[in-house]
Amino acid sequence: MPQVTLLFGFGLVVLGLFSYFGTGQSSITAMIPSFFGIGLVLCGAVAMKDSLRKHAMHGAATVALVGVIGSLVRAVPSLAAEGPMRTATLVQLIMGVALIVFMVLCVRSFIQARRAAG
């Protein structure tokens, strides 16, 4: 699971960089996916050590949960607004969906680890 965490983390970093540089946005808020990605990368790197894996992966799941709440709380109301979808809304949706997928994978991994231990 640490490798999956690194993959999702790097994906979010790329999404944030694309959002900031690829769309011409000059606001630091366009980099928010990168900040969450860095958090996941750090947790994934720490989880490479067996003795720290459990705590690091729970930390990664917490980062993901905060990211899901933060991104979807902003994106879902924007979907109801009339007019074309803004790039920021699309990036928030991509981030939210990616982190939901990551959380599902985390929960499945936690369940499998618990079954294997007991």
Side-chain angles (χ1 to χ4, degrees):
M1 194 66 191
Q3 296 85 1
V4 173
T5 305
L6 291 171
L7 179 70
F8 274 86
F10 286 127
L12 287 176
V13 169
V14 169
L15 178 64
L17 292 173
F18 168 77
S19 175
Y20 187 79
F21 293 110
T23 62
Q25 297 294 323
S26 60
S27 173
I28 194 70
T29 59
M31 293 285 290
I32 288 174
S34 291
F35 301 145
F36 280 91
I38 290 168
L40 290 181
V41 167
L42 292 174
C43 288
V46 171
M48 292 294 196
K49 186 169 184 177
D50 287 334
S51 64
L52 299 175
R53 182 167 296 148
K54 179 180 176 181
H55 298 296
M57 292 310 302
H58 280 85
T62 303
V63 168
L65 178 61
V66 171
V68 166
I69 293 169
S71 63
L72 295 183
V73 162
R74 303 255 325 170
V76 172
S78 295
L79 289 175
E82 293 185 23
M85 183 183 296
R86 295 179 26 221
T87 304
T89 302
L90 180 61
V91 169
Q92 290 166 350
L93 287 172
I94 292 169
M95 177 179 155
V97 170
L99 289 174
I100 287 172
V101 170
F102 177 73
M103 284 180 47
V104 167
L105 293 173
C106 282
V107 169
R108 286 182 50 191
S109 175
F110 296 159
I111 291 169
Q112 289 173 352
R114 180 72 175 189
R115 285 183 181 158

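Computation of the quantities below employed the complete heavy-atom set of this structure, encompassing side-chain atoms and omitting hydrogens, waters and symmetry-equivalent molecules.
- Apart from Leu7 itself, the hydrophobic cluster it occupies contains nothing, where clustering links Ile, Leu, Val, Met, Phe, Trp and Tyr at side-chain heavy-atom distances under 4.5 Å.
- One hydrophobic cluster, built from ILVMFWY side chains closer than 4.5 Å, holds both Val76 and Leu65.
- Side-chain atoms of Leu6 and Phe10, non-hydrogen and from C-beta on, do get closer than 4.5 Å to each other.
- For Phe110, the ring-ring contact (aromatic ring centres under 6.0 Å, His included) criterion is met by His58, not counting sequence neighbours.
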Using residues 88-97 as the side-chain source, report each donor-acceptor pair under 3.5 Å to any protein atom, sequence neighbours left out, with the distance given to one decimal.
from	atom 1	to	atom 2	distance (Å)
Gln92	OE1	Ala75	N	3.4

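- Closest approach of Ala30 to Ser19, counting heavy atoms only: O-OG, 3.2 Å.
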Review item, side-chain donor-acceptor pairs of residues 44-53, under 3.5 Å, at least two apart:
from	atom 1	to	atom 2	distance (Å)
Asp50	OD1	Arg53	NH1	3.0
Asp50	OD1	Arg53	NH2	3.0
Arg53	NE	Ala47	O	2.9
Arg53	NH2	Ala47	O	3.3

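- At a threshold of 4.5 Å between side-chain heavy atoms, the hydrophobic network of Ile, Leu, Val, Met, Phe, Trp and Tyr places Val107 and Leu40 in two separate groups.
- Here the CE atom belonging to Met1 is positioned 7.5 Å from the CZ atom belonging to Phe8, to the nearest 0.5 angstrom.
- Under a hydrophobic-cluster definition in which Ile, Leu, Val, Met, Phe, Trp and Tyr are linked whenever side-chain heavy atoms come within less than 4.5 Å, directly or via other members, Phe36 and Val41 are assigned to different clusters.
- Counting only residues at least two apart or on different chains, no salt bridge (charged side-chain N to carboxylate O under 4.0 Å, His left out) pair has a member in residues 64-80.
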Using residues 99-106 as the side-chain source, report each donor-acceptor pair under 3.5 Å to any protein atom, sequence neighbours left out, with the distance given to one decimal.
none

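- Nearest heavy atoms, Ala56 versus Cys43: CB-O, 3.4 Å.
- In this structure Thr29 satisfies the side chain to side chain contact (heavy atoms under 4.5 Å, CB included) test together with Ser27, Ile32, sequence neighbours excluded.
- Legend: residues meeting ring-ring contact (aromatic ring centres under 6.0 Å, His included) with His55, ordered by chain and number and at least two apart, are absent.
- Residue pairs meeting the salt bridge (charged side-chain N to carboxylate O under 4.0 Å, His left out) criterion with at least one partner in residues 97-118, sequence neighbours excluded, do not occur; the list is empty.
- The structure places CG of Leu12 at 11.0 Å from CG of Leu17, a figure rounded to the nearest 0.5 Å.
- Side-chain contact between Phe18 and Val13: absent, with no pair of heavy atoms (C-beta onward) separated by less than 4.5 Å.
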